[in-house]
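Source: prediction; values computed, not measured.
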Amino acid sequence: DVLIALVDKSLLCLTEVDSEPRFLMLSVIQEYVEQRLELEDEVTDTYRRHVHHFLRIAEQAAPELKGHDHARWFRRLDRELDNSRVALARILHAGDYLNAARLAVALAYFWYVRGYTKEGSGILEDILSRAEEQLEPQLHIQLLHSAGMMALGHGDYLSAKRRYEQKLELARHSGDWDGVERALGNLGIIASSLGDFATARSYYEQSLELVQRPQQTGAHATFLIKLGSVAFGQGESAAAESFFRQSLQLKESVGDPNGI
């Protein structure tokens, strides 16, 4: 095996993480390899394969970060953080904004949870400023959502509001009603955080109209809780109790213990 032979010659280091082998390269050797690639005109193909490898990992990880095995996938992306940064830098340098947008969207929730929101904002805003007109609607919607999430994560409510409003307009125009519902929900969170309970209530009520379907009982119950919280903030205790009771009934009807 070529990799084991390189380990035997101390050109690579072999470690094990989560029961998986991982090969590490000393920085001085990495610099030498990059120089050789450039001399032999193989650098472009090698970088392309590196980028697509980590794009594949990030897109595979994205849905798993909210699943039962999320801890393992967060650890996986923690280990690949430097690789993902290099991959993003190479994509942006090459002007490949489609794949840059895909990779940034795939990593957004990881950035948000791990606290890399300012770094994520810089990347997402850079892509939006350079390629907003080139993106197909669904990817554009996801990119705007991710930018709003990053801004919200470090308390930049004005930027978050601007990006979620843009997402709301584009989602409505594209007929993406799930995107509309999520944008309204996030705009409600921002308004509520700023103490504008009347505006928050309006957003949540619009969201509620979109989720009153059997297959969205969980979302319906969640927005009832948010409406209850807003009503309580407005001093309307009776209305708040009514919203909370409706949410409780919905959760009990489907056996959902969360929030009960």
Side-chain angles (χ1 to χ4, degrees), residues 62-71 73-74 108-115 117 120 141-142 144-172 174-260:
E64 302 293 343
L65 296 177
K66 299 180 182 180
H68 295 298
D69 202 20
H70 62 276
W73 284 97
F74 270 106
Y109 186 67
F110 168 77
W111 289 336
Y112 180 79
V113 172
R114 288 301 197 231
T117 54
I141 288 169
Q142 293 173 335
L144 289 168
H145 175 82
S146 298
M149 178 168 59
M150 293 302 103
L152 198 58
H154 59 263
D156 186 352
Y157 292 113
L158 291 179
S159 294
K161 181 174 181 289
R162 176 169 57 90
R163 289 310 189 188
Y164 283 130
E165 286 174 342
Q166 291 172 336
K167 176 192 174 182
L168 177 61
E169 181 181 358
L170 183 57
R172 277 179 169 155
S174 303
D176 177 3
W177 300 112
D178 286 339
V180 169
E181 176 255 305
R182 293 183 69 190
L184 288 168
N186 283 301
L187 286 167
I189 290 171
I190 294 169
S192 182
S193 299
L194 295 174
D196 187 353
F197 296 119
T199 299
R201 187 167 185 167
S202 174
Y203 283 131
Y204 290 150
E205 286 173 346
Q206 292 178 66
S207 298
L208 198 61
E209 293 177 3
L210 295 173
V211 298
Q212 291 179 345
R213 300 191 295 273
Q215 65 270 32
Q216 290 193 293
T217 301
H220 188 174
T222 297
F223 279 112
L224 285 169
I225 292 173
K226 291 178 178 179
L227 280 166
S229 299
V230 167
F232 187 80
Q234 292 177 302
E236 299 178 15
S237 299
E241 181 179 355
S242 175
F243 285 128
F244 290 142
R245 287 188 180 279
Q246 291 177 63
S247 178
L248 177 61
Q249 290 172 358
L250 280 174
K251 285 180 173 292
E252 288 179 336
S253 73
V254 295
D256 180 6
N258 294 319
I260 290 180

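- With sequence neighbours excluded, the residues that form a side-chain contact (heavy atoms from CB on, under 4.5 Å) with Ala198 are Asp196, Gln234.
- Checking side-chain atoms of Ser146 against main-chain N and O of Gln142 turns up a donor-acceptor pair under 3.5 Å.
- When only modelled atom types and interatomic distance are considered, Ser242 and Gln246 share a side-chain donor-acceptor pair under 3.5 Å.
- Glu64 pairs by the salt bridge (Lys or Arg N to Asp or Glu O under 4.0 Å) definition with nothing, not counting sequence neighbours.
- For Tyr157 (side chain) and Ala191 (main-chain N/O), no donor-acceptor pair under 3.5 Å exists by modelled atom type.
- Put simply, CZ on Arg182 and CE on Met149 are 8.0 Å apart, with the number rounded to the nearest 0.5 Å.
- Minimum heavy-atom separation, Asn186 to His145: ND2-CE1, 3.6 Å.
- Atom OH of Tyr109 is separated from atom CZ of Arg114 by 10.5 Å, given to the nearest 0.5 angstrom.
- Residues Leu65 and Phe74 form a side-chain contact, since some pair of their non-hydrogen atoms from C-beta on lies under 4.5 Å apart.
- Scanning for side chain to side chain donor-acceptor pair (under 3.5 Å) contacts around Ser174 gives an empty result, with sequence neighbours left out.
- Considering only residues two or more places apart in sequence or on other chains, Gln206 meets the side-chain contact (heavy atoms from CB on, under 4.5 Å) condition with Arg172, Leu184, Ser202, Tyr203.
- The distance from atom CG of Leu194 to atom CD1 of Ile189, rounded to the nearest 0.5 Å, is 12.0 Å.
- For residues 231-244, the pairs satisfying salt bridge (Lys or Arg N to Asp or Glu O under 4.0 Å) are Arg201-Glu236, Glu241-Arg245, with sequence neighbours left out.
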If you look only at distance, which donor and acceptor atoms sit under 3.5 Å apart when one is on a side chain in residues 224-233 and the other is two or more places apart or in another chain?
{"residue": "Ser229", "atom": "OG", "partner": "Ile225", "partner atom": "O", "Å": "3.1"}

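- For Ala160, the side-chain contact (heavy atoms from CB on, under 4.5 Å) partners at least two apart in sequence or on another chain are Ala151, Leu152, Tyr164, Ile190.
- Residues passing the side chain to side chain donor-acceptor pair (under 3.5 Å) test with Ser193, sequence neighbours excluded: none.
- In this structure, the side-chain contact (heavy atoms from CB on, under 4.5 Å) partners of Ala147, at least two apart in sequence or on a different chain, are Leu124, Glu125, Leu128, Arg163.
- Applying the salt bridge (Lys or Arg N to Asp or Glu O under 4.0 Å) criterion to Arg162, with sequence neighbours excluded, gives no partner residue.
- Scanning for side chain to side chain donor-acceptor pair (under 3.5 Å) contacts around Lys161 gives Glu165, with sequence neighbours left out.
- Residues meeting the side chain to side chain donor-acceptor pair (under 3.5 Å) test with Ser192, sequence neighbours left out: none.
- Nearest approach of Gly179 to Asp176, heavy atoms of both residues: N-OD1, 2.9 Å.
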